[in-house]
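In what follows, a structure is listed as structure tokens, so that the remarks can point back to it.
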Amino acid sequence: MSTIRRTKIADILSAGQASADTLVKGWVRTKRGNKNVTFIALNDGSTIKNLQLVADPNDISEDLLKKVATGACLSAQGELVESQGSGQSVELLVKSLEILGEADPEKYPLQPKKHSLEYLREIAHLRPRTNTFSAVFRIRHAMTYAIHKFFNDKGFYNIHTPIITGSDAEGAGEMFRVTTLDMDNLPKNEEGAIDYKQDFFDKETNLTVSGQLEAELFALSLSQVYTFGPTFRAENSNTTRHLAEFWMIEPEVAFADLNDNMDLAEEMLQYVVKYALDNCADDLDFLHAREVEENKNKKEIDRPSMYLLDRLKFVVENQFERLTYTEAIDILRNSKPNKKKKFQYLIEGWGADLQSEHERYLVEKHFNKPVILTDYPKDIKAFYMRQNDDGNTVAAMDILFPGIGEIVGGSQREERLDKLTQRMEEMDVPAEEMGWFLDTRKFGTTPHSGYGLGFERLILFITGMTNIRDVIPFPRTPGNAEF
RNA sequence: UCCUCUUUAGCUCAGUUGGUUAGAGCAUCUGACUGUUAAUCAGAGGGUCGUUGGUUCGAGCCCAACAAGAGGAGCCA
């Protein structure tokens with residue numbers, strides 16, 4: 001092999017031009033052909049598209065070609081020429097071939113055929129070699145970048161809030177304990193309880209369930225900040241939209257009220273969807289076609305009213321519907337399924353939390369577009385949300401997306417010290433442990449707002465995947481921490 | 001955690017009111033074919049029917065427990 005540099009398949013295909021001496025490396029997707037010619041579809045992950053290698057048995061030995069099986073890794077050098085076939089513009093006439101890594105076709109778990117997502121989940125270490133998952137993870141990267149770019153361009157600062165937290169007052173769900181104590185021989189104190197004084201941090205510590213409270217501290221100093229980090233919830237949730245370890249984006253903005261907050265969230269969502277449309281066309285085209293194919297055999301009623309690319313364009317081009325919780329309750333109370341008692345939980349009066357079936361009705365049936373619900377009853381929301389003048393509601397907002405449900409949850413934060421401490425008392429939040437948080441209200445407080453965006457839920461929407469375990473490389477769910 | 005469903009070849013699935021030797025497509029292997037596009041055509045190999053126990057002359061099929069997976073609910077992002 002000569003010492004020329006590897007060319008990425010994405011670059012070869014986007015240039016689409018013949019070139020004398022070219023070196024490519026990648027993994028074999030399929031091989032086919034006859035005695036006189038062998039065709040190899042090679043993929044290196046730089047694009048969903050494959051490069052066709054053409055091997056003449058006069059140039060490449062039969063023994064070598066025999067080792068070219070699905071999954072094997074190759075290095076191939078030759079001449080890039082205009083393709084004689086119709087499926088591609090250029091192809092590589094192979095002059096020399098090296099097998100970097102063989103893959104026994106009898107044992108390699110990925111076959112050149114369609115696999116179920118459930119099966120691929122069991123071999124999550126190999127699934128990025130498939131079209132679907134390589135597309136999903138290229139898009140996931142693009143969305144990570146787009147989010148950082150969006151906030152950076154607006155003058156936000158990215159804050160790395162702690163992953164290990166000593167605060168158990170965040171109130172956003174069950175936490176994972178962090179400890180270096182010997183679990184088989186826990187030290188006890190005089191009262192017979194576990195003596196955390198002997199633990200690594202001299203106290204009980206957990207993995208974070210939210211960076212919001214820490215982000216608020218920086219919002220009240222740097223004005224506009226956001227977090228983008230891992231989040232851990234030890235809830236026993238077994239659904240297509242919950243993970244025990246997931247990634248969350250939490251902007252926090254000083255001098256912003258609930259309307260500013262909604263404007264920011266809507267602008268961000270439209271920005272990143274547009275970014276995907278502008279920059280991930282090949283992958284989205286593939287996922288779109290995949291979805292159309294999946295629904296081909298379904299009945300008319302079970303098919304989505306819009307397919308992936310149309311849904312994405314729709315979100316970019318249309319404003320989200322904004323209404324209050326109270327208005328939503330009125331719509332639901334007078335809705336057909338409520339009158340005909342089709343809801344499992346009937347809407348009778350003001351104050352109840354909305355169930356998924358209600359959110360789905362509003363988003364998928366009544367408005368048929370993303371919906372922002374605001375001003376929820378204070379009793380069903382967190383202590384830190386700003387109390388409205390009516391005394392019953394808080395300045396909260398949830399953004400609901402079709403097929404996904406809540407993708408964003410946020411609020412204007414309670415900046416008034418007396419109101420905040422009163423609410424903490426009512427909801428049994430230990431104020432004595434949160435002096436650092438209350439200090440922001442004691443010293444130079446100001447109205448501010450923020451929200452949390454579930455990154456994987458965003459990826460579900462953008463890729464059209466339907467199970468959250470298929471949009472994170474190695475999903476952690478109850479009873480499962482493989483790989 | 002609750003409810004429902006599923007578990008048969010490497011993968012995706014059929015398998016009748018319980019009956020003798022458990023099938024198909026794809027994949028794999030072998031062969032054919034002068035440029036293929038998930039190539040095509042022909043042939044071959046491949047099974048402790050999730051596990052354990054029970055009912056029965058007889059269980060892939062009926063019953064029970066357990067396990068794994070999926071979907072829905074709750075919690076939320």
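Within every chain, numbering begins at 1; the chains are lettered A, B, ... in the order of the sequence lines, protein sequences first and strands thereafter.
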Practice task
Run the numbers on A:Arg322 and A:Asp263 for salt bridge (Lys or Arg N to Asp or Glu O under 4.0 Å), then give the verdict.
Solution key: CA-CA 11 Å; A:Arg322 297 183 185 188; A:Asp263 289 345; 2.8 Å; yes

Problem - B:A77 base stacked by A:Phe246 (centroids within less than 5.5 Å, tilt under 30°) - result: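 Yes, the aromatic ring of A:Phe246 stacks with the base.
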
Practice task
Taking only Lys NZ, Arg NE, NH1 and NH2, and the carboxylate oxygens of Asp or Glu, determine whether A:Asp379 and A:Arg423 approach each other closer than 4.0 Å.
Solution key: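 Answer for the salt bridge query: yes.
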
Is [X] touching bases, backbone alone, or none of the nucleic acid, heavy atoms closer than 4.0 Å?
X	answer
A:Gly33	base
A:Gly85	base
A:Arg241	base
A:Leu243	base
A:Glu118	sugar-phosphate
A:Ile407	sugar-phosphate
A:His242	base
A:Thr30	sugar-phosphate
A:Gln88	base
A:Ser356	sugar-phosphate
A:Ser86	base
A:Glu250	nothing

Rounded to whole angstrom units, what separation is found between the [atom1] atom of [X] and the [atom2] atom of [N]?
X	N	atom1	atom2	value
A:Phe39	B:U37	CZ	P	9 Å
A:Asp353	B:G74	CG	P	9 Å
A:Ile468	B:C75	CD1	P	17 Å
A:Asn467	B:A70	CG	C1'	9 Å
A:His358	B:G72	NE2	C1'	15 Å
A:His115	B:U28	NE2	P	10 Å
A:Ile380	B:C76	CD1	C1'	13 Å

Under a 3.5 Å cut-off for both contacts, is [N] paired Watson-Crick or G-U wobble with anything, and if yes, with which nucleotide?
N	answer
B:A68	B:U6
B:A32	B:U40
B:U16	none
B:U1	B:A73
B:G60	none

[X] side-chain N/O to [N] phosphate OP1/OP2 under 4.0 Å:
X	N	result
A:Arg121	B:A70	yes
A:Asn34	B:G35	yes
A:Gln355	B:A73	no
A:Thr240	B:G72	yes
A:Arg32	B:A27	no
A:Arg360	B:G72	no
A:Asn236	B:U1	yes
A:Arg469	B:A70	yes
A:Lys114	B:U12	no

Rounded distance in Å between the [atom1] positions of [N] and [M]:
N	M	atom1	answer
B:A70	B:A42	P	38 Å
B:A73	B:A14	P	25 Å
B:G18	B:C61	P	11 Å
B:C63	B:U37	P	49 Å
B:G19	B:A59	C1'	10 Å
B:G25	B:A9	C1'	12 Å
B:C13	B:A65	C1'	28 Å
B:G72	B:U56	C1'	38 Å

Problem - Heavy-atom pair with the smallest gap, counting every atom of A:Ser356 and A:Arg241 - result: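 A:Ser356 and A:Arg241 have their closest heavy atoms at OG-NH2, 4.1 Å.
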
Practice task
Using only heavy-atom distances, determine whether the side chains of A:Thr231 and A:Trp247 contain a donor-acceptor pair under 3.5 Å.
Solution key: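 No, no side-chain donor-acceptor pair sits under 3.5 Å.
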
Handout entry: A:Ser210 and A:Glu250: side chain donor to acceptor below 3.5 Å
Key =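 Per modelled atom types, A:Ser210 and A:Glu250 side chains form a pair under 3.5 Å.
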
Problem - ring-ring contact (aromatic ring centres under 6.0 Å, His included), paired with A:Phe474, selected from A:Phe133, A:Phe483, A:Phe137 - result: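 Looking at A:Phe133, A:Phe483, A:Phe137, the match for A:Phe474 under the ring-ring contact (aromatic ring centres under 6.0 Å, His included) is A:Phe483.
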
Practice task
Determine whether the aromatic ring centres of A:Tyr226 and A:Tyr451 lie less than 6.0 Å apart.
Solution key: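 Between A:Tyr451 and A:Tyr226, which both carry aromatic rings, the centre distance is not below 6.0 Å.
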
Handout entry: Within the 6.0 Å centroid threshold, strictly below: A:Phe455 and A:Phe228
Key =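 Under 6.0 Å, so yes.
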
Practice task
In sequence, state the C-alpha distance, the side-chain angles, and the governing distance for A:Ser46 and A:Asp44, and then conclude on side chain to side chain donor-acceptor pair (under 3.5 Å).
Solution key: CA-CA 6 Å; A:Ser46 61; A:Asp44 68 359; 2.6 Å; yes

Exercise for the section: If the plane angle is over 60° it's perpendicular, under 30° parallel, otherwise tilted; pick one for A:Phe401 and A:Phe320. Expected result: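 The rings of A:Phe401 and A:Phe320 stand perpendicular, inter-plane angle above 60°.
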
Practice task
Describe, in one word, how the ring planes of A:Phe176 and A:Phe232 are oriented to each other, choosing from parallel (under 30°), tilted (30 to 60°) and perpendicular (over 60°).
Solution key: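 Aromatic pair A:Phe176/A:Phe232 classed perpendicular.
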
With no angle test and no hydrogens, is the base of [N] tied to the side chain of [X] by a donor-acceptor pair under 3.5 Å?
X	N	value
A:Glu91	B:G35	yes
A:Ser237	B:C76	no
A:Arg29	B:A38	no

Exercise for the section: Consider the side chain of A:Lys35, meaning its heavy atoms from C-beta on, and name the nucleotide among B:G35, B:C29, B:C33 that approaches it most closely. Expected result: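 From the listed options, B:C33 comes nearest.
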
Practice task
Map A:Asn36 and A:Asn238 onto RNA chain B by nearest heavy atom, then report which one ends up closer to the 5' terminus.
Solution key: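 Looking at RNA chain B, the more 5' nearest nucleotide goes with A:Asn238.
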
Problem - Crowding at CZ, A:Phe218 (>12 non-hydrogen neighbours, <6.0 Å) - result: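 Open.
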
Atom pairs under 3.5 Å, N or O on each side, protein against nucleotides 8-10 of chain B: can you list them with distances?
residue: B:G10; atom: N2; partner: A:Gln111; partner atom: OE1; Å: 2.8
residue: B:G10; atom: N2; partner: A:Gln111; partner atom: NE2; Å: 3.4
residue: B:G10; atom: N3; partner: A:Gln111; partner atom: NE2; Å: 2.9

